[in-house]
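Just so you know, these numbers use all the heavy atoms, side chains as well, and skip hydrogens, waters and symmetry mates. All figures in this text were calculated on a predicted structure; none of them were measured in a lab.
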Amino acid sequence: MRRQSKWRDSISFFYMLTAGILLLSACGKTGQGGRNAGTDEQIGADFEYQYIAESEEGYYFWEPMTESQFYPRLMFMDKESGRVVPLCNKPDCPHEGEECNAYYPKMTLGEDGIDRIDRYYLQYYEGNLYAVGFSSDGYAALFRIKGDGSEWEISTKLYRTDYASTNIWESPSVLINNGYVYFIDNKQTNMELERIPVGGGTAETVYEGDSHATFTDVHRLEGHDGAVFFQAVSFFDETSDYRSGALYRYDTASGQCRLIKEGIYGPYSVQNDFVYYGSGEGLCRYSIQEDTTEILSEASMDVPNITLTQDYIILCDQRGDGELIFYDYEGTKITSVSDEWEPRWYYGGNSRMLFAECWGGSYSAPCCLDLTCPLEQLQWKELKAD
C-alpha cells in the first residue's frame, strides 16, 4: 500500500573492494512489461559505483586480484559475442606478463615516469577509457586509456597529494559528465565537490559543506540528464551524531547547485525526475517536481542497493544475505534470487545484465546475472575469461 511519508533514516556507508564483471550467453527475453516498458534505450545502465565502464561495443573491468597476480589486467567483454579477453591489441600476445598492454604499472615512488592506476574507478567517455591514479610528480590524476589498450597517458591533474610525506594514498571519487571531471578529495576533513575540464584547466568548487562541521562526507556521484547528483552528510561532534544529510543536484548548464531532499543517506537511483531509495520504512519513491514521497513497498530492508531497469526496480540486500529482490514500478514483488553465489559487492547493471563480486563459499569471484533468462531460472554465474 502506498502512503505519503516524511521520514528520517539511518546513515549507511558502503566501502567497496575489487571489481570484475560481465556476461554469458543470452536467454529468451521474458514478456514482463512494466512502467518503463519500451524505453530501455533511454534508461541505459544503472551502476551503483563506477567500477564498470560500458561502451557501445562492450564492457571494461579490472580482473580480480589473486595471490599469484597482485596487479591484475584490464579486461574487455564484447556485447555481441560475449567473449571476455584482456584489453591488449598486440598480435600473438600470451597476456601473461607486464609486456601485455592489459597490465598497468604499479607505483614506484621516486622513479620518474612510473605512475599508479587504481582500480576504484573506470569510465568510458567519448571513445576513451578513464581511470584514476597517482602521477609521478605527486598529483591525483585522471588517466586516459585507448579503447584497445594500446596507449595510456595522463589526461587531467586534479590536485597535489601529500603521498611523498605520509605514504598514504586514497583514490578520489570521480565522475566525467558533459566535458568536466567532477571529483572529491576523500582525504579532506570537510570534503568538497569540485570540477575541472577534461584535459585540464582551472578547478572550481561546485559544493562545499558547513565550515563548522567536524567532518563532511560527500559521495555517490551520479550523472542524469545534464545534471550531477550527489550526497553530503555533515557531522558536528565526535560521537557521529549528525545534523544534516541530503541529496543535491548540480545543473551543469546553469552552474546552479540545489538541495533535492534531506534525509536520503543511503544508496539511491534517479529516473525521470523521481528518486528511488531504501529506508527503514521500505522502498520509497520521491517526486522532485511535486516534493512528495511514496512508499512503494513496506518490506523491511535496511538501505539496500537499488538498480532501475526497463521492467524492474531491483534491490540487493548487500549487508544481509545478498538476496536480490525484483519489484515492478507499482511496488509489487515479482521474484527474488538467492543461491550459493552471494553478492558481497553489488554493482548494478542494465536491463540485460547485472554484475557483482560474489562469494562462492570458499572464494570470491566476479559474477553476472542474465536478465534475458526466464525469471524462474535467474542465478548468479561466475564470470570466467576465455
Restricting to salt bridge (charged side-chain N to carboxylate O under 4.0 Å, His left out), what partner residues turn up for Glu126, sequence neighbours left out? none

Atom CD of Glu153 with >12 non-hydrogen neighbours under 6.0 angstrom: yes

Tyr121 meets the ring pair (Phe, Tyr, Trp, His ring centres under 6.0 Å) criterion, sequence neighbours left out, with none

Would you confirm whether Gln231, through its side chain, and Ile264, through its main-chain N or O, come within 3.5 Å as a donor-acceptor pair? yes

Nearest heavy atoms of Arg285 and Leu296, plus distance in Å: NH2-CD2, 3.6 Å

Centroid separation Tyr59 to Phe355 less than 6.0 Å: yes

Residues in side chain to side chain donor-acceptor pair (under 3.5 Å) contact with Tyr139, at least two apart in sequence or another chain: Arg160

Kindly write out the residues that satisfy ring pair (Phe, Tyr, Trp, His ring centres under 6.0 Å) with Tyr207, not counting sequence neighbours, or none if the list is empty. Phe230, Tyr248

Are Glu357 and Arg344 within salt-bridge range, i.e. N to O under 4.0 Å? no

Residues which pass side chain to side chain donor-acceptor pair (under 3.5 Å) with Thr332, listed by chain and number, not counting sequence neighbours: none

Side chains of Tyr250 and Asn177: do they bring a donor and an acceptor to under 3.5 Å? no

How many angstroms lie between CG in Asp317 and CG in Leu315, if you round to the nearest 0.5 Å? 9.0 Å

Any side-chain to backbone donor/acceptor pair from Ser364 onto Cys358? Under 3.5 Å, distance only. no

Tell me the closest heavy-atom pair linking Leu122 and Ala131, and the distance in Å. CD1-CB, 4.2 Å

Which residues share a side chain to side chain donor-acceptor pair (under 3.5 Å) with Asp185, sequence neighbours left out: Tyr159

For Lys157, what residues pass the salt bridge (charged side-chain N to carboxylate O under 4.0 Å, His left out) criterion, not counting sequence neighbours? Asp137

Report the residues that fulfil side-chain contact (heavy atoms from CB on, under 4.5 Å) with Glu342, sequence neighbours left out, ordered by chain and then residue number. none

Say whether, by atom type as modelled, one donor and one acceptor occur between the side chain of Ser351 and the main chain of Thr309 under 3.5 angstrom. no

Trp341: ring pair (Phe, Tyr, Trp, His ring centres under 6.0 Å) partners, not counting sequence neighbours: Tyr363

With sequence neighbours excluded, tell me which residues meet side chain to side chain donor-acceptor pair (under 3.5 Å) with Glu204. Arg195

Partners passing side-chain contact (heavy atoms from CB on, under 4.5 Å) against Thr205 (at least two apart in sequence or in another chain): Glu192, Glu194, Glu208

Going by the angle between their ring planes, with limits at 30° and 60°, are Tyr329 and Tyr276 parallel, tilted or perpendicular? perpendicular

Contacts of Asn186 that satisfy side-chain contact (heavy atoms from CB on, under 4.5 Å) - sequence neighbours left out: Glu170, Ser173, Ile184, Met191

Nearest 0.5 angstrom please: Leu371 CG to Met353 CE, how far? 7.0 Å

